[in-house]
Amino acid sequence: MGGALASGWLAQGLAPSQISIVEPDTDAAAALAVRLPVRLLAGAAAWPEDSPPAVVLFAVKPQVMDEVVPAYGAFTGSDTLFLSIAAGRTLTGLSRLLAPHDAALRLVRAMPNTPAAVGRGMTVLCGGPGLDAAGRELATALMAAVGDTAWVEDESLMNAVTAVSGSGPAYVFLLAEALAQAGIDAGLAPDLAGHIARKTVAGSGELLHQASEGPAELRAAVTSPGGTTAAALDVLMGTDGWQAALTRAVAAATRRSRELAG
Ligand SMILES: NC(=O)c1ccc[n+]([C@@H]2O[C@H](COP(=O)([O-])OP(=O)(O)OC[C@H]3O[C@@H](n4cnc5c(N)ncnc54)[C@H](OP(=O)(O)O)[C@@H]3O)[C@@H](O)[C@H]2O)c1
């Protein structure tokens, strides 16, 4: 995800000299240097002390945040904006790791999703109490380099956001898998079923992305009364259809996100 963001910023015209990536592993750093023409640092301590970074973005796994974040507390007290994309790590927990008593800490928690890798991410952000308008604008611009952005004011909503857009791509990929299997069950060869299911999901996503109409209107546009689509939708929109399953799935993911956040 960090690599996708750096690629997005470079593609948007940010100068490579403006981006530093902390990569403690020398082999991984060498491999990164081939892919991204940015400055590589072995750790926070390698940053020049007299010029704090404008932004520190945390893109490591949530479970290594406790180990990684405290070193960046050295930059608090300056104008540095701290942006974390670690799933489930709360603003309070992050500020405790960075600067427990700094009320002016410019801190943002963000939840992106994997379509960010192709510039089609959906990121929802939430700011800490010390975040100013300029910090909010900067965080929006940084995440907009890999797709769309939205903000929530109430941090507890990040659990539902995680369940909808964070985990959501998996539901769509499952749809492609299940549609292919249903095609196989209906007599199609596996290769053909997989191919047409994948292209149908991808093409419909693209149409939804480009069209001015919403999903309900696009669905209605391919549904003639008494036709084949209507026959399928009678099943999918029935009382035990997709809505019920997705509502249960999102509730389960929301619950799990809440549990993981502790
Ligand atoms: N992928 C998603 O859809 C998604 C969505 C929302 C949020 N996120 C969040 O984004 C973060 C990254 O996820 P990811 O899927 O991109 O994971 P990832 O591919 O494992 O990326 C984490 C990166 O951090 C590096 N790293 C580990 N320890 C480090 C350290 N001490 N200093 C600097 N770098 C270090 C890892 O290097 P090694 O590989 O060498 O360990 C790896 O390159 C996670 O917190 C995740 O919760 C991801």
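Every number for a ligand or one of its atoms is a count from 1 in the order of the listing. Note that the structure is a prediction, hence the values are computed from the model and not measured. Note that these values count all heavy atoms, side chains included, but never hydrogens, waters or copies made by symmetry.
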Handout entry: Near ligand 1, at a heavy-atom separation below 4.0 Å: residues by chain and residue number
Key =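 Residues within 4.0 Å of ligand 1: Met1, Val22, Pro24, Ala59, Val60, Lys61, Pro62, Val68, Ile85, Ala86, Ala87, Met111, Pro112, Thr114.
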Practice task
Kindly assign one of parallel, tilted or perpendicular to the pair Tyr72 and Phe58, based on the angle between their ring planes and the thresholds 30° and 60°.
Solution key: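 Ring orientation, 0 to 90° scale: perpendicular.
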Practice task
With Leu81 as reference, evaluate Leu107, Val56, Leu131, Leu57 under the side chain to side chain contact (heavy atoms under 4.5 Å, CB included) test and give the passing residue.
Solution key: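 Exactly one option meets the side chain to side chain contact (heavy atoms under 4.5 Å, CB included) with Leu81, and it is Leu131.
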Exercise for the section: Compare all side-chain heavy atoms of Met143 with those of Leu83 and state whether any distance is below 4.5 angstrom. Expected result: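 When only atoms from C-beta onward are counted, Leu83 and Met143 do touch, with a gap below 4.5 Å.
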Exercise for the section: Check whether any side-chain heavy atom of Phe82 sits under 4.5 Å from a side-chain heavy atom of Val69, and report yes or no. Expected result: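 A side-chain contact is absent here, since even the closest heavy-atom pair is not under 4.5 Å.
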Exercise for the section: Sorted by first residue and then second, give each salt bridge (charged side-chain N to carboxylate O under 4.0 Å, His left out) pair with at least one member in residues 74-97; sequence neighbours left out. Expected result: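 Listed by first then second residue: Asp66-Arg89.
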Handout entry: Any donor-acceptor pair under 3.5 Å from Thr123 side chain to Thr149 backbone
Key =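 Pair absent, no side-chain N/O of Thr123 close to backbone of Thr149.
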